[in-house]
Amino acid sequence: MEKSPITIELGEKIDISAITILKDTLDKLPINVEIQRFDARHVTHMDSASCQLFYAYAQHLTIHNTTLVFLSPSDKFMAVVKALGFETDFNYASM
């Protein structure tokens with residue numbers, strides 16, 4: 001397994017209008033790394049569909065021994081995650 005983690009910066013708005021692009025981006029990321037980090041500090045809007053996609057993606061990575069970590073998630077990001085009950089399903093770290 002490759003040791004260098006991947007870091008992706010998430011935009012301000014993550015919702016159904018861009019979910020196809022988000023899924024395509026996730027599909028192109030290599031899974032042969034220990035950690036994929038998503039910088040979520042700038043997220044000001046996220047819908048349930050996007051959060052569910054992140055959950056499914058995190059589960060997919062787990063099968064391949066890769067961990068998804070959200071870096072410094074914004075209050076809005078965390079509000080959606082908590083509302084959907086995914087708070088304990090995701091990993092978080094501060095920048």
Side-chain angles (χ1 to χ4, degrees):
M1 181 175 294
E2 195 175 300
K3 298 294 181 190
S4 300
I6 293 172
T7 302
I8 302 293
E9 185 172 330
L10 299 175
E12 291 181 6
K13 186 176 180 183
I14 306 169
D15 64 12
I16 194 73
S17 67
I19 203 157
T20 302
I21 295 167
L22 176 59
K23 178 150 182 354
D24 287 345
T25 300
L26 297 178
D27 286 344
K28 291 176 184 172
L29 294 174
I31 56 173
N32 60 340
V33 296
E34 286 186 48
I35 299 173
Q36 286 189 9
R37 300 181 298 206
F38 289 6
D39 179 352
R41 62 188 157 150
H42 299 296
V43 176
T44 59
H45 175 79
M46 182 169 73
D47 66 1
S48 61
S50 300
C51 192
Q52 291 169 352
L53 178 59
F54 284 134
Y55 174 77
Y57 185 66
Q59 296 303 306
H60 171 72
L61 290 179
T62 299
I63 293 168
H64 297 284
N65 298 314
T66 299
T67 302
L68 175 59
V69 176
F70 291 101
L71 300 175
S72 300
S74 67
D75 291 340
K76 181 59 179 178
F77 181 94
M78 287 307 299
V80 174
V81 168
K82 288 178 184 178
L84 294 173
F86 292 131
E87 183 178 15
T88 59
D89 295 309
F90 292 144
N91 300 294
Y92 311 96
S94 298
M95 291 182 69

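Because only heavy atoms are used, hydrogens play no part in the values below, and waters and symmetry mates are left out as well, while side chains stay in. Since this is a predicted model, take the numbers as computed values, not measurements.
By the rule that hydrophobic residues join a cluster once side-chain heavy atoms approach within less than 4.5 Å of another member, I35 and M95 end up as members of one cluster.
If you take CG on N65 and CD on E34, they are separated by 9.5 Å, rounding to the nearest 0.5 Å. Of the inter-residue distances, the one linking H64 atom NE2 with L61 atom CG reads 7.5 Å to the nearest 0.5 angstrom. Distance check, rounded to the nearest 0.5 Å: CG of L10 to CG of L22 gives 7.5 Å. In this structure, SG in C51 is found 13.0 Å from CG in D15, a value given to the nearest 0.5 Å. Within the model, atoms CD1 of I21 and CG of L26 stand 12.0 Å from one another, a figure rounded to the nearest 0.5 Å. To the nearest 0.5 angstrom, D47 atom CG is 9.0 Å from K13 atom NZ.
A93 is linked by a side chain to side chain contact (heavy atoms under 4.5 Å, CB included) to V69, L71, counting only residues two or more places apart in sequence or in another chain. Looking at residues two or more places apart in sequence or on another chain, you find a salt bridge (charged side-chain N to carboxylate O under 4.0 Å, His left out) between D27 and K23.
Proximity of F90 to F38: side-chain heavy atoms (C-beta onward) are nowhere separated by under 4.5 Å. By the 4.5 Å heavy-atom criterion applied to side chains, T66 and Q36 are counted as neighbours. At a threshold of 4.5 Å between non-hydrogen side-chain atoms, the residues P73 and V43 do not count as touching.
Among all heavy-atom pairs drawn from S74 and R41, the shortest one is CB-O, 3.6 Å. Nearest heavy-atom pair, S50 versus I19, reported as atom, atom and distance to 0.1 Å: N-CD1, 3.9 Å. Across every non-hydrogen atom of L29 and I6, the tightest pair is CD2-CG2, 4.3 Å. Heavy atoms only, all atoms of each residue included: M46 and V80 are closest at O-CG2, 3.2 Å.
Within 6.0 Å of CD on E9 lie more than 12 heavy atoms contributed by other residues, nucleotides or ligands.
Aromatic ring pairs are classed by plane angle as parallel below 30°, tilted from 30° to 60° and perpendicular above 60°; the pair F70 and F54 is perpendicular.
For residues 83-93, no residue pair satisfies the side chain to side chain donor-acceptor pair (under 3.5 Å) rule, not counting sequence neighbours.
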